[in-house]
2 protein chains.
Amino acid sequence: MFSAMARAATTTDAFNAVAEPRRRQILDVLAGGERPVNDLVDLLDLAQPLVSKHLRVLREVGLVDVRDAGRQRVYRLNAVPLKAVHDWVKGYAQAWEERFSALDDVLEELKAEENGT
Amino acid sequence: MFSAMARAATTTDAFNAVAEPRRRQILDVLAGGERPVNDLVDLLDLAQPLVSKHLRVLREVGLVDVRDAGRQRVYRLNAVPLKAVHDWVKGYAQAWEERFSALDDVLEELKAEENGT
DNA sequence: TTGACATATACCCATATGGGTATATGTTTT
DNA sequence: AAAACATATACCCATATGGGTATATGTCAA
């Protein structure tokens, strides 16, 4: 038995992992190839413990893999969990395209008015 | 002058708005057409104030528009801000496809082994 | 105008979060 | 073995977050 949680963890899936800008930055760097932690510290200009913490979230969600290399820990991108995000958001592509073409229509109208009705 | 914030707000962009499952549900419903708040309350089986709060976040991020209709407030999807999410995640498509084809290779190998050698 | 209805807001609460500093852990070099 | 290096973890802290209940606000119906 346990009382209802006041708030559920929000760092347990790809959507949340990727909601944090720092973590997107990390993934963006790793997209260019695997990197030890210190590289990320330098590139992100963020305290080392914070980088490690973000990496932990990414690891728990499966967005990165780690490999030991002497005294370094080399992190590597695993983009697979991002497919879920992509699949969800892809469903809205039509919706924003409609919006854009609706805007185009308005602009066309304005242009037509400019040239006399 | 102000002291450094201990933590920045995380509900101020599309990435974060969409990280919350309830809000994705709301958008999924609105994708089927505009809806008054109470419809969402019924469909999501969530307390009305919570729905209103999630709608507020979505509104602030520009993912929904509102329209007054008598004593109802009708919410409507605006998918445009999702394009940013799509654009970012799209850049990783190649990465997860590589992973999948790497997996395919492994499976092929196992299959080959099964049939002798 | 009084009451029902629809929605937003003001609170309270427990917990998650991200940043920070100090330190533990493990590895390589000297 | 000791020192330097690389990384993870344990804390502390302020604040954001999501859920909940009560209530304010505004609109329509009787």
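First the proteins, then the strands, lettered A, B, ... as listed; each starts at 1.
Judged as a salt bridge (charged side-chain N to carboxylate O under 4.0 Å, His left out), and not counting sequence neighbours, B/Asp13 has no contacts.
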(request) Going 5' to 3' through nucleotides 24-30 of chain D, assign each nucleotide B (protein heavy atom under 4.0 Å from a base atom), S (under 4.0 Å only from sugar-phosphate atoms) or - (no protein heavy atom that close). (result) ---BBS-
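No continuous path of hydrophobic side-chain contacts links B/Tyr92 to A/Val57 [ILVMFWY only; heavy atoms under 4.5 Å]. Connection of A/Leu63 to B/Trp96 is established within a shared hydrophobic cluster, with ILVMFWY side chains joined at heavy-atom distances below 4.5 Å, either directly or through further cluster members.
The interatomic distance linking A/Leu46 (CG) with C/dT17 (P) rounds to 17 Å, in whole Å. At whole-Å resolution of the value, CG in B/Leu44 and P in C/dT7 are 13 Å apart. Counting to the nearest Å, the P atom of D/dA6 and the CG atom of A/Leu40 are 14 Å from each other. Residue A/Glu60 contributes atom CD, which lies 12 Å from atom P of C/dG18 at whole-angstrom precision. Separating the CZ atom of A/Arg67 from the P atom of D/dT7 is a distance of 12 Å, rounded to the nearest angstrom. Rounded to a whole Å, the CZ atom of A/Phe15 is 22 Å from the P atom of C/dA16. Distance A/Asn16 CG to C/dA16 P: 13 Å, rounded to the nearest Å. In this structure, CG of B/Asp45 is placed 14 Å from C1' of D/dG19, rounded to the nearest angstrom.
Judged by distance alone, the side chain of A/Arg23 and the main-chain N or O of A/Ala17 form a donor-acceptor pair under 3.5 Å. Side-chain atoms of B/Arg24 come within 3.5 Å of backbone atoms of B/Val18 as a donor-acceptor pair (strictly under, hydrogens ignored). Proximity of a side-chain donor or acceptor of A/Asn78 to a complementary backbone N or O of A/Asp65 within less than 3.5 Å is not detected.
A donor-acceptor contact closer than 3.5 angstrom is absent between the side chains of A/Arg22 and A/His54.
Side-chain contact between A/Leu40 and A/Leu46: absent, with no pair of heavy atoms (C-beta onward) separated by less than 4.5 Å.
Nucleotides of DNA chain C nearest to A/Arg23 and B/Tyr75 differ in position, and the one nearer the 5' end is that of B/Tyr75.
Listed pair B/His54 / D/dG19 meets the phosphate criterion, a side-chain N or O lying under 4.0 Å from OP1 or OP2. Taking 4.0 angstrom as the limit, B/Asn38 places a side-chain polar atom (N or O) nearer than this to OP1 or OP2 of C/dT7. Of the side-chain N and O atoms in A/Arg22, one or more sit less than 4.0 angstrom from OP1 or OP2 of C/dG19.
The cationic atom of B/Arg67 (NZ for Lys, CZ for Arg) does not lie both less than 6.0 Å from the six-membered ring centre of B/Tyr75 and within 45° of the ring axis.
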N/O to N/O distances under 3.5 Å, protein versus nucleotides 9-13 of chain D:
from  : atom 1 : to      : atom 2 : distance (Å)
D/dT9 : OP2    : A/Arg56 : NE     : 3.3

